[in-house]
Amino acid sequence: MLTCKQFLQELNDFLDESTDPGLRSEIERHVNECPNCWVVCDTTRRTLKVFKGMEAQAVPADVQQRLVSAVQKKIAARQGKRPAAPIGQ
Ligand SMILES: [Zn+2]
């Protein structure tokens, strides 16, 4: 059984998925049994997701434009109107 201190030491690797499987299951067990560490784990995981979300916005411009145009078409279809600012074409 891990202590909370050990858990915190391993948390980054755990969330990075670079922990070896044996230690990983020890950590998962600790998180399931210790509400404090569960909160820490959950909060840290959310924070990492936000960082990864920021990276995901750095997509190539043409991909971003295709996404925007697809979303605009969807909104326009739902409203029964033409897109306010058609992109390309
Ligand atoms: Zn704990």
Side-chain angles (χ1 to χ4, degrees):
M1 180 79 185
L2 284 175
T3 64
C4 292
K5 202 179 165 191
Q6 284 172 318
F7 166 80
L8 289 173
Q9 278 170 351
E10 301 295 339
L11 180 60
N12 275 335
D13 284 347
F14 175 67
L15 292 173
D16 213 26
E17 295 184 11
S18 59
T19 311
D20 67 85
L23 185 57
R24 201 176 167 79
S25 63
E26 289 279 311
I27 292 169
E28 275 167 3
R29 204 171 62 188
H30 184 88
V31 172
N32 286 332
E33 290 171 1
C34 177
N36 285 335
C37 287
W38 186 87
V39 169
V40 171
C41 183
D42 192 53
T43 309
T44 310
R45 189 180 277 154
R46 279 171 209 265
T47 309
L48 285 175
K49 262 190 194 168
V50 170
F51 278 122
K52 282 179 183 168
M54 281 163 72
E55 276 173 32
Q57 280 179 5
V59 292
D62 63 315
V63 175
Q64 214 162 25
Q65 200 166 41
R66 259 185 287 160
L67 279 172
V68 169
S69 130
V71 169
Q72 281 185 339
K73 272 181 196 167
K74 257 191 184 173
I75 292 170
R78 196 182 295 166
Q79 290 175 339
K81 290 177 194 165
R82 287 189 302 140
I87 292 170
Q89 293 153 24

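Everything numeric in this text was worked out from a predicted model, so none of it was measured.
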Using a 4.5 Å cut-off on heavy atoms from C-beta on, say whether the side chain of Val40 contacts that of Asn36.
-> no
From Asn32 atom CG to Cys41 atom SG, the distance as rounded to the nearest 0.5 Å = 9.5 Å
Any side-chain hydrogen bond (donor to acceptor under 3.5 Å, both in side chains) involving residues 38-50? Give me the pairs, sequence neighbours left out, ordered by first then second residue.
-> Asp42-Arg46
Euclidean distance, Ser18 OG relative to Leu23 CG, rounded to 0.5 Å = 10.0 Å
With Glu28 via salt bridge (charged side-chain N to carboxylate O under 4.0 Å, His left out) - residues at least two apart | Arg24
Under 3.5 Å, side-chain donor or acceptor atoms of residues 1-13 against the rest of the protein: list the pairs with distances, not counting sequence neighbours.
unit_1 : atom_1 : unit_2 : atom_2 : d
Thr3   : OG1    : Gln6   : N      : 3.1
Thr3   : OG1    : Gln6   : OE1    : 3.4
Gln6   : OE1    : Thr3   : N      : 3.0

